[in-house]
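See below for the structure under consideration.
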Amino acid sequence: MNAAKAPVDNASAGQSSTEPDMTATTGDTASLTKPVSGRQADQVFKAIAYGCGVLILVVLAAVAIFLLVRAWPLIGGDQQAVSDVISGFTGGRATNFWSYVGPLVFGTVLVSALALLIAFFVAIGIALFISHYAPKRLAAVLSYVVDLLAAIPSVIYGLWGGIVLVPAIFPFWNWVAEHLGFIPLFAGPAANPPRTVATVAVVLAIMILPIITSIARDIFLQTPKLLQEAALGLGATKWEMIKLAVLPFGKSGIVSASMLGLGRALGETMAVLMILSPGLTYSFHLLQASKNQTIAANIAAQYPEANSIGVSVLIGTGLVLFIITFLVNLIARKITQKASVK
């Protein structure tokens with residue numbers, strides 16, 4: 001009886017001894033399945049990220065190719081037809097492309113640089129007030145207002161500038177021309193109505209102000225608390241703490257914000273078109289009308305009546321603006337990298 005039962009017990013023991021191996025195999029399979037699915041998800045995400053990055057390059061290349069192809073008649077087309085079109089655009093003041101686009105480049109850079117100069121310090125001051133001085137409720141309200149200003153369409157700024165600001169700002173520009181007219185920039189008499197570079201620069205400064213403020217505010221809020229507390233612990237005042245800790249930390253972000261605002265000003269069309277009295281000269285007289293024009297506003301003004309050659313000329317000026325914007329962003333990138341290293 002005992003002998004008969006022994007094989008059964010041994011068989012049971014053998015069966016039970018194999019069960020842990022099956023469990024281990026099942027566990028190993030599950031543990032292998034999970035990393036494989038994770039690796040697949042990682043590969044899919046990597047492919048999507050690469051695709052998005054390549055898409056940006058494709059779009060940029062497509063824009064550049066489009067501008068080059070459509071502007072090609074300036075180089076390979078009938079130069080006499082091009083000269084006639086440019087003469088018609090300028091009233092006979094320019095007959096070749098470079099004499100036509102040169103003053104436009106000058107006006108674009110001048111208006112944009114003035115707008116950035118006006119907006120930069122005000123934007124940094126607002127950003128510092130929101131991040132370090134204002135009470136939390138007031139800071140939240142101001143942040144909301146700044147973000148709202150950034151979302152307003154440019155045509156609204158143009159309407160406000162043309163209808164409200166132009167007549168309202170003339171007494172101030174007239175005072176500037178009378179008291180500071182010895183400075184070439186403010187040489188008078190001030191135009192009335194003041195549809196001038198100075199007025200357009202003020203409107204563009206208001207447009208780019210929320211962009212610079214919003215980015216600078218977010219950068220200042222990311223300043224490590226330890227840096228700020230260390231400066232205060234060493235006896236620094238709040239302004240000294242900002243100068244020693246906050247501003248150096250946000251240097252690269254400030255440069256990026258400024259260049260983003262400058263790019264917006266360089267490409268602005270409607271606000272400039274609705275306010276500025278156009279001219280085609282290399283003039284620094286900010287308070288006089290009919291002195292300068294920007295590339296974007298000129299394209300919008302001339303395009304409706306342009307023939308095929310005229311459209312090619314305008315697209316050629318757009319290609320020049322594209323190159324300027326690209327160079328500005330490239331320089332900003334280099335400055336940002338140097339600031340990050342320091």
Side-chain angles (χ1 to χ4, degrees), residues 63 67 100-124 149-150 152-158 160-162 165-166 169 173 184-186 194-216 254-302 314 316-336:
V63 171
L67 293 174
Y100 174 56
V101 76
L104 296 177
V105 172
F106 177 83
T108 302
V109 175
L110 177 63
V111 171
S112 303
L114 286 174
L116 180 61
L117 182 64
I118 296 171
F120 177 77
F121 297 101
V122 178
I124 297 302
L149 287 174
I152 295 177
S154 61
V155 67
I156 303 300
Y157 285 106
W160 171 79
L165 183 63
V166 166
I169 205 172
W173 291 142
L185 290 175
F186 306 124
R195 296 184 176 277
T196 61
V197 168
T199 305
V200 172
V202 171
V203 175
L204 291 184
I206 296 173
M207 291 179 61
I208 67 177
L209 182 69
I211 298 175
I212 302 175
T213 301
S214 179
I215 298 175
I254 292 173
V255 173
S256 298
S258 302
M259 293 302 103
L260 186 61
L262 180 60
R264 170 80 185 273
L266 286 170
E268 181 51 42
T269 304
M270 289 308 299
V272 180
L273 182 65
M274 298 170 72
I275 298 172
L276 183 63
S277 177
L280 203 66
T281 64
Y282 295 93
S283 175
F284 285 99
H285 295 159
L286 307 181
L287 304 181
Q288 298 180 14
S290 302
K291 295 294 182 181
N292 304 103
Q293 176 67 305
T294 66
I295 294 176
N298 181 70
I299 293 174
Q302 302 289 355
L314 295 177
T317 62
L319 177 61
V320 174
L321 179 60
F322 177 83
I323 295 173
I324 293 172
T325 307
F326 181 81
L327 291 176
V328 167
N329 285 276
L330 181 63
I331 294 171
R333 186 65 178 174
K334 296 296 183 181
I335 295 174
T336 302

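The figures here come from the full heavy-atom set of this structure, side chains too, leaving out hydrogens, waters and symmetry mates. Every value quoted in this text rests on a predicted model; they were computed, and no experiment measured them.
- Each of I323, N329, V328 was evaluated against T325; a single residue qualifies, N329, per the side-chain contact (heavy atoms from CB on, under 4.5 Å) test.
- The closest donor-acceptor contact from the side chain of S258 to the backbone of I254 lies under 3.5 Å.
- For the side chain to side chain donor-acceptor pair (under 3.5 Å) condition, the pairs that include at least one residue of residues 201-214, sequence neighbours left out, are D147-S214, S214-R217.
- No side-chain heavy atom of L262 sits less than 4.5 Å from a side-chain heavy atom of I208.
- The shortest side-chain heavy-atom distance between N292 and V111 does not fall under the 4.5 Å cut-off.
- At least one side-chain heavy atom of P194 sits under 4.5 Å from a side-chain heavy atom of I169.
- No side-chain donor-acceptor contact under 3.5 Å links S154 to the backbone of M270.
- Here the shortest heavy-atom pairing between A115 and L204 reads CB-CB, 3.6 Å.
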Next on the checklist: Walk me through whether V105 and V320 qualify under side-chain contact (heavy atoms from CB on, under 4.5 Å).
Outcome noted: CA-CA 8 Å; V105 172; V320 174; 3.7 Å; yes
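- Separating the CG atom in L185 from the CG atom in L114 is a distance of 7.5 Å, to the nearest 0.5 Å.
- A donor-acceptor pair is defined here as one N or O able to donate and one able to accept, closer than 3.5 Å; no such pair exists between the side chain of S112 and the backbone of V109.
- Considering CD1 of I156 and CE of M207, their distance stands at 10.5 Å, rounded to 0.5 Å.
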If you look only at distance, which donor and acceptor atoms sit under 3.5 Å apart when one is on a side chain in residues 271-287 and the other is two or more places apart or in another chain?
from: S277; atom 1: OG; to: S290; atom 2: OG; distance (Å): 2.9
from: T281; atom 1: OG1; to: K291; atom 2: O; distance (Å): 2.6
from: S283; atom 1: OG; to: H285; atom 2: N; distance (Å): 3.2

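- For the atom pair CG (L330) and CE (M259), the distance works out to 12.5 Å, reported to the nearest 0.5 Å.
- Scanning both residues, R264 and I211, for their nearest heavy atoms gives NH1-CD1, 3.7 Å.
- Between I324 and T108 the shortest side-chain heavy-atom distance does not fall below 4.5 Å.
- The minimum heavy-atom distance linking A205 with A119 is given by the pair O-CB, 3.5 Å.
- Side-chain contact check for T196 versus T199: some heavy-atom pair is nearer than 4.5 Å.
- Taken to the nearest 0.5 Å, the CZ atom of F106 stands 13.0 Å off from the CD1 atom of I295.
- The distance from the CG atom of L314 to the CG atom of L319 is 12.5 Å, given to the nearest 0.5 Å.
- With values rounded to the nearest 0.5 angstrom, W160 atom CH2 is found 4.5 Å from L165 atom CG.
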Checklist entry - Can I212 and L116 be said to form a side-chain contact (heavy atoms from CB on, under 4.5 Å), step by step? => result CA-CA 10 Å; I212 302 175; L116 180 61; 3.9 Å; yes
